Amino acid sequence: MGISGYRAAASADNVLDVGCKSAYVCDFDTQTCVYAKNETVRLPIASMCKIMTLLLTFEAIEGGELSYDEAVCVSERASSMGGSQVFLDTGLSYRAEDLMRSVAVCSANDSCVALSERVAGSEEAFVERMNGRARELGADNTLFANCTGLPKDPQYSCAKDVAAMLGELLKHEKYYEFCKVWNEDFQHPDGRTTQMTNTNKLIRAYQGCDGGKTGFTNEAGFCLAATAKRGDMRVISVVIGAESSKVRNKGISDCFNYCFDQYENKPVLKAGEKLENPLNVRGSKVKEIGIAAKENLTVFQKKGANGEFTIEYDLPQEVKAPVSSGDCVGYATLYLNGMQCGKTELVAVDGANAYTWWEAYRDGARKWN
């Protein structure tokens with residue numbers, strides 16, 4: 001949960017002049033809005049809808065439905081997709097990871113459909129998942145009709161929703177690996193190669209930009225959702241409906257520059273770092289376990305601001321075994337100037353097995369002796 005950012009957005013209006021129909025800029029960690037322009041207006045977003053396609057594919061892998069190394073057989077329908085593509089052959093099988101990489105790098109429509117059919121059985125079923133996941137993310141101004149972003153009515157989203165979807169995708173570290181590719185040959189099983197070139201030119205043109213998704217159709221105009229990181233601060237910026245790629249890229253760059261010049265992000269609780277005090281365990285030979293924040297808690301504010309922050313911990317006195325590493329054992333809530341601005345789970349760093357019957361008996365016997 002982020003701090004309300006509309007006060008910050010108002011001041012940004014006096015500095016930023018983003019040439020587009022809609023825009024949204026926010027801090028990744030706190031989701032604080034820094035700049036907004038027609039951010040909830042429903043518009044076509046072209047290939048930026050592939051952000052959701054990639055997100056669901058990553059989640060399918062996490063859930064054990066798919067693996068990076070799995071061979072995905074390409075249907076005739078998938079291979080017949082127009083627009084940007086890597087020219088997959090009907091009936092041939094490609095590694096899921098290679099297909100995902102082609103979607104991230106060169107916006108391959110044929111790879112999108114092949115992945116959607118593998119994950120959900122059909123593109124139509126996959127689109128249902130896309131819309132369901134959008135609702136879970138609170139993307140109320142989003143409706144998908146396909147997994148590629150090719151023109152099809154009704155289909156729309158908004159800048160704020162796209163930022164939320166990209167923010168969720170950015171939690172998958174392998175995505176950054178794909179986005180770093182500039183030029184690469186896509187290898188086909190029959191020995192052919194198709195050259196892929198990254199559609200997001202800011203990967204090379206803007207310092208710190210390490211991810212994003214472009215989009216263009218005549219209806220949508222030039223679109224881009226991108227992220228950049230400098231120091232401890234990661235920013236997400238979305239532009240919809242620019243008149244050219246040059247205007248689109250300048251708009252995103254100007255938004256990034258404004259954020260990095262005017263704001264700072266101070267981590268006050270880092271993910272994975274053990275808290276000073278361990279948590280007691282009962283019912284186990286292990287008497288205490290380390291705990292850590294699952295996600296970063298950070299203070300995002302204007303440079304030079306002296307906001308006061310506090311962290312409130314919601315933890316039991318002890319937990320009962322068994323406990324596995326990664327189990328949620330409590331929560332930490334961050335307050336800035338008395339207002340809640342972040343919350344994360346506290347998870348077990350260590351595991352603690354429950355007593356076996358004999359261990360429990362022996363431990364009880366010791367206490368009586």
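These numbers were taken from a predicted model, which means no experiment stands behind them. All residue numbers in this chain count up from 1 along the given sequence.
Sequence neighbours left out, the pairs with a member in residues 310-335 that pass salt bridge (charged side-chain N to carboxylate O under 4.0 Å, His left out) are R282-E318. Residues in residues 132-170 take part in no ring-ring contact (aromatic ring centres under 6.0 Å, His included) pair, two or more places apart or across chains. Applying the side chain to side chain donor-acceptor pair (under 3.5 Å) test to residues at least two apart or on different chains, the pairs with a partner in residues 113-130 are E65-R129, E70-R118, S75-E117, R77-E123.
A side-chain donor from one of T227 and R234 sits under 3.5 Å from a side-chain acceptor of the other. Counting only N and O atoms by type, the side chains of N265 and T298 include a donor and acceptor under 3.5 Å apart. Checked by atom type, the side-chain pair N183/T197 shows a donor-acceptor distance below 3.5 Å. Judged by distance alone, the side chains of T194 and H188 do bring a donor and an acceptor atom under 3.5 Å apart.
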Go through V86 and L88 one step at a time and tell me if the side-chain contact (heavy atoms from CB on, under 4.5 Å) criterion holds. CA-CA 6 Å; V86 284; L88 303 178; 3.6 Å; yes
Evaluate the criterion side-chain contact (heavy atoms from CB on, under 4.5 Å) for residue pair V25 and C259; output intermediate values, then yes/no. CA-CA 9 Å; V25 185; C259 288; 3.5 Å; yes
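Crowding of N353 atom CG: a count of heavy atoms from other residues, nucleotides or ligands under 6.0 Å not exceeding 12. For Q187, the CD atom is densely surrounded, since the number of other residues' heavy atoms within 6.0 Å is greater than 12. Shown here is F309, whose CZ atom has no more than 12 heavy atoms of other residues, nucleotides or ligands within 6.0 Å. The local environment of CD in Q195 is crowded, with over 12 non-hydrogen atoms from other residues, nucleotides or ligands closer than 6.0 Å.
Distance CG/D110 to OG/S84: 8.0 Å, rounded to 0.5 Å. Taking CD1 of I289 as the reference point, atom OG of S284 lies at 9.0 Å (rounded to 0.5 Å). We find the NZ-SG distance between K250 and C255 to be 9.5 Å, quoted to the nearest 0.5 Å. For the atom pair CG of L279 and CD1 of I291, the computed distance is 5.5 Å after rounding to the nearest 0.5 Å. To the nearest 0.5 Å, atoms CE (M339) and CG (L334) are separated by 12.0 Å. The distance from atom OG of S111 to atom OH of Y94, rounded to the nearest 0.5 Å, is 8.5 Å.
With sequence neighbours excluded, the residues satisfying salt bridge (Lys or Arg N to Asp or Glu O under 4.0 Å) with D190 are R192. Partners of Y175 under the ring-ring contact (aromatic ring centres under 6.0 Å, His included) rule, at least two apart in sequence or in another chain, do not exist in this structure. Not counting sequence neighbours, the partners of K274 by the salt bridge (Lys or Arg N to Asp or Glu O under 4.0 Å) test are D350. In this structure, R230 has no salt bridge (Lys or Arg N to Asp or Glu O under 4.0 Å) partners at least two apart in sequence or on a different chain. Here D261 pairs with nothing under the salt bridge (Lys or Arg N to Asp or Glu O under 4.0 Å) rule; sequence neighbours left out. Under the rule for a ring-ring contact (aromatic ring centres under 6.0 Å, His included), the partners of F256 that lie at least two apart in sequence or sit in another chain are Y206. In terms of the ring-ring contact (aromatic ring centres under 6.0 Å, His included) criterion, F260 has no residue partners (sequence neighbours excluded).
Side-chain contact between K21 and N38: absent, with no pair of heavy atoms (C-beta onward) separated by less than 4.5 Å. Contact annotation: the side chain of Y313 approaches that of L346 to within less than 4.5 Å [non-hydrogen atoms, C-beta and beyond]. Here the side chains of N249 and K201 are in contact, with some heavy-atom distance below 4.5 Å. Between L92 and P189 there is a side-chain heavy-atom pair separated by less than 4.5 Å. Side-chain contact between E308 and Y335 is absent, with no heavy-atom pair separated by less than 4.5 Å. The closest side-chain heavy-atom distance from L202 to L224 is below 4.5 Å. In this structure the side chain of R101 reaches within 4.5 angstrom of the side chain of M196, judged on heavy atoms. A 4.5 Å side-chain heavy-atom check between M165 and T142 finds at least one atom pair inside the cut-off.
In this structure, E219 contributes its side chain and P151 its backbone to no donor-acceptor pair below 3.5 Å. In this structure a side-chain-to-backbone donor-acceptor pair under 3.5 Å is missing from S325 to G351. Judged by distance alone, the side chain of N296 and the main-chain N or O of A271 form a donor-acceptor pair under 3.5 Å. No donor-acceptor pair under 3.5 Å is formed between the side chain of K213 and the backbone N or O of I51.
Checked for salt-bridge contact, D17 and K37 miss the test: no charged N lies under 4.0 Å from a carboxylate O. In this structure, K171 pairs ionically with E168, as a charged nitrogen and a carboxylate oxygen lie closer than 4.0 Å.
Through ILVMFWY side-chain contacts below 4.5 Å, V347 is grouped with nothing and stands alone.
Geometric assessment of K302 against the ring of Y263 yields a positive cation-pi assignment under the 6.0 Å and 45° thresholds.
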Using distance only, find each side-chain donor-acceptor pair of residues 52-64 under 3.5 Å and give its atom names and separation, not counting sequence neighbours.
residue: T53; atom: OG1; partner: C147; partner atom: O; Å: 2.8
residue: T57; atom: OG1; partner: T53; partner atom: O; Å: 2.8
residue: E59; atom: OE1; partner: R133; partner atom: NE; Å: 3.0
residue: E59; atom: OE2; partner: R133; partner atom: NE; Å: 3.1
residue: E59; atom: OE2; partner: R133; partner atom: NH2; Å: 2.9
residue: E62; atom: OE2; partner: H172; partner atom: ND1; Å: 3.4

